[in-house]
Every structure is written in C-alpha cells, then in structure tokens.
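Before any comments, here is the structure.
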Amino acid sequence: MKKKSPSESKTEMTLMMLPSDANPKGNVFGGVILKYVDLVAGIVSKRHARNTNCVTASIDRMTFLKPVYIGNALILSARLNYVHRSSMEVEVTIEAENLDDGTRVRTGTAFVTTVALDKNGKPTEVPQLVLKTADDRKRFKEGYARMQSRLKEAGKI
Ligand SMILES: CC(C)(COP(=O)(O)OP(=O)(O)OC[C@H]1O[C@@H](n2cnc3c(N)ncnc32)[C@H](O)[C@@H]1OP(=O)(O)O)[C@@H](O)C(=O)NCCC(=O)NCCS
C-alpha cells in the first residue's frame with residue numbers, strides 16, 4: 001500500500017455559530033464543538049484511508065479553554081499525527097474568530113482516534129505515513145506515546 005503524507009489529508013473547516021448551537025447566554029455548547037471535531041477528524045481519516053468506513057474509537061479528554069459565541073466563526077484545523085495498522089490519530093485545533101474585528105483565539109485541541117473498517121466491519125490496514133519534516137517525526141513520536149496510554153487505559157495492552 002502506497003504511503004501518504006499528512007499534508008495529503010489535512011483539512012480546515014470553518015462554520016458560523018448560530019443561535020441553535022448555543023445556550024440562552026450565547027455560549028456555544030461543548031457538544032456542538034465536539035460534533036464538528038468528530039466530523040473533521042472523519043474527513044481527514046477518509047482522505048487518508050479512502051474506500052474504508054472510518055469510525056471514531058476514542059476522543060481524548062479535552063478542555064474548553066475559552067468560550068465560543070453565537071456569530072463567531074468556529075475554525076477547525078485537523079491533521080494526522082500517527083498511524084498504526086488500522087488506527088489513526090487526528091489532532092484537531094479549535095479556534096474561534098470574532099468576525100467583527102478578526103481576532104482569533106484558540107479554544108482547545110482534541111486528539112481523535114479513528115479506525116478504518118472494511119466492507120465486513122473489520123479493522124483494515126491503512127496507508128503508512130510518510131514523515132517528511134522534523135515536525136512530522138515529532139508528532140508521530142508523540143502520537144505513538146499517546147496511543148500507548150490510550151490502549152493501556154482501554155485495557156488493550
Ligand atoms: C473501534 C472498534 C472498531 C475497535 O474494535 P476492536 O474489536 O477493539 O478492534 P481491535 O482490538 O482489533 O483494534 C483495532 C484497532 O483499533 C484500535 N483501538 C481499539 N480500541 C481503541 C481505543 N479505545 N482507543 C484507541 N484505539 C483503539 C486498536 O489499537 C487497533 O489499532 P491498530 O489496528 O492500528 O493496531 C470498535 O470498538 C467499534 O466499532 N467501536 C464503535 C465505533 C463507532 O461506532 N464510533 C462512533 C461513535 S458511537
């Protein structure tokens with residue numbers, strides 16, 4: 001299977017936050033942000049592992065560092081850090097942009113693990129990552145360490 005670089009699947013998604021996304025004070029619900037985190041991680045995974053069904057196995061604990069309000073643009077930047085046999089770690093950086101003055105704040109980072117499934121619903125091999133830059137190699141090494149912790153926590157190793 002041909003190796004692929006993280007830049008081939010990286011994805012940025014921008015959405016306007018609407019009243020239906022928020023509580024009565026205008027704060028966007030964490031669950032709404034998580035929905036889009038899950039969605040963008042799914043797109044990255046599908047772009048990497050074409051022709052498979054990519055499902056979310058886990059999302060690491062995440063903290064909402066700053067509020068996102070109705071009328072803000074929610075900007076999600078997602079890329080692969082680490083790939084094993086069928087599993088992929090996608091890092092999603094979450095920012096809120098005030099569309100009036102253009103200021104942007106980082107509101108959190110999420111690590112999503114997805115698994116590629118074949119037509120029978122069984123985990124299936126995905127392309128390995130080409131690590132071109134020092135940053136790619138650093139992310140891969142850190143992704144490996146996080147995956148080991150996750151699997152320990154899940155009682156898989
Ligand atoms: C994710 C899922 C396919 C894993 O199935 P499984 O029977 O545990 O499969 P395996 O033990 O063979 O593991 C398959 C891969 O998943 C990884 N994995 C399994 N559980 C994991 C977890 N909790 N966190 C991270 N990775 C996990 C394994 O490390 C393995 O990766 P590898 O092939 O790269 O080495 C299965 O738990 C599932 O279908 N979950 C529901 C997914 C879903 O519907 N998500 C949407 C939200 S409800």
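Quick caveat: nothing in here was measured; it's all calculated off a predicted structure. Residues take their numbers from the sequence shown, with the count starting at 1. Both ligands and their constituent atoms are indexed starting at 1 by order of listing.
The main-chain N or O of Val130 is never found under 3.5 Å from a side-chain atom of Lys3 such that the two would form a donor-acceptor pair.
Remark: atom 42 (C) of ligand 1 lies closer than 4.0 Å to at least one protein heavy atom. For atom 39 (O) of ligand 1, the nearest protein heavy atom lies 4.0 Å or farther away. In this structure, atom 3 (C) of ligand 1 is in close contact with the protein, since a protein heavy atom lies within 4.0 Å of it. Distance check for atom 26 (N) of ligand 1: a protein heavy atom is found below 4.0 Å. Not a single protein heavy atom sits closer than 4.0 Å to atom 36 (C) of ligand 1.
Looking at atom 34 (O) of ligand 1, its nearest protein heavy atom turns out to be Ser87 OG, 2.6 Å. Protein heavy atom at the shortest distance from atom 18 (N) of ligand 1 is Leu151 CD2, 4.0 Å. Ranking the protein heavy atoms by distance from atom 8 (O) of ligand 1 puts Lys156 NZ, 2.4 Å first.
Close approach to Val55 involves these atoms of ligand 1, each under 4.0 Å from a residue heavy atom: 42 (C), 43 (C). Atoms of ligand 1 found under 4.0 Å from any heavy atom of Ser58, numbered from 1 in the order shown, are 24 (N), 25 (C). Close approach of ligand 1 to His84 is summarised as follows: ligand atoms under 4.0 Å from at least one heavy atom of the residue are 32 (P), 34 (O), 35 (O). In summary, the atoms of ligand 1 found under 4.0 Å from a heavy atom of Thr113, numbered by their order in the structure, are 25 (C), 26 (N). Every atom of ligand 1 with a heavy atom of Leu117 under 4.0 Å away is listed here by number and element: 3 (C). If you number the atoms of ligand 1 from 1 as listed, the ones under 4.0 Å from a heavy atom of Thr56 come out as 42 (C), 43 (C), 45 (N), 46 (C). Those atoms of ligand 1 that come under 4.0 Å of a heavy atom in Ala154, given as number and element, are 23 (N).
Remark: Arg106 pairs with Thr109 by the side-chain hydrogen bond (donor to acceptor under 3.5 Å, both in side chains) rule, at least two apart or across chains.
Asp135 and Thr133 form no side-chain donor-acceptor contact under 3.5 Å, judged by distance and modelled atom types alone.
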Please tabulate, for side-chain N and O atoms in residues 11-19, each donor-acceptor pair with protein atoms closer than 3.5 Å (sequence neighbours left out).
from, atom 1, to, atom 2, distance (Å)
Thr11, OG1, Ser9, O, 3.0
Thr11, OG1, Arg47, NH1, 2.7

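Taking only non-hydrogen atoms, the option from Asp60, Val115, Thr124 nearest to atom 17 (C) of ligand 1 is Val115. Nearest to atom 32 (P) of ligand 1 by heavy-atom distance, out of Ser86, Cys54, Gly42, is Ser86. The closest heavy-atom contact to atom 12 (O) of ligand 1, among the options Ser149, Pro123, Gly121, Ala57, comes from Pro123.
Counted within 6.0 Å of CD on Glu125, heavy atoms from surrounding residues, nucleotides or ligands total more than 12; the atom is thus considered enclosed. Under a cut-off of 6.0 angstrom, the local environment of CG in Asn51 is sparse, with at most 12 non-hydrogen atoms contributed by other residues, nucleotides or ligands. Other residues, nucleotides and ligands contribute at most 12 non-hydrogen atoms within 6.0 Å of the NZ atom of Lys10.
A cation-pi arrangement, defined by a distance under 6.0 Å to the six-membered ring centre and an angle within 45 degrees of its axis, is absent between Arg146 and Tyr82.
Of the residues Leu80, Ile59, Asn81, Asp38, the one that meets the side-chain contact (heavy atoms from CB on, under 4.5 Å) test with Val90 is Leu80.
Note that the OG1 atom of Thr124 and the CG atom of Asn53 stand 11.0 Å from one another [nearest 0.5 Å]. To the nearest 0.5 Å, atoms CG (Asn72) and NZ (Lys66) are separated by 12.5 Å.
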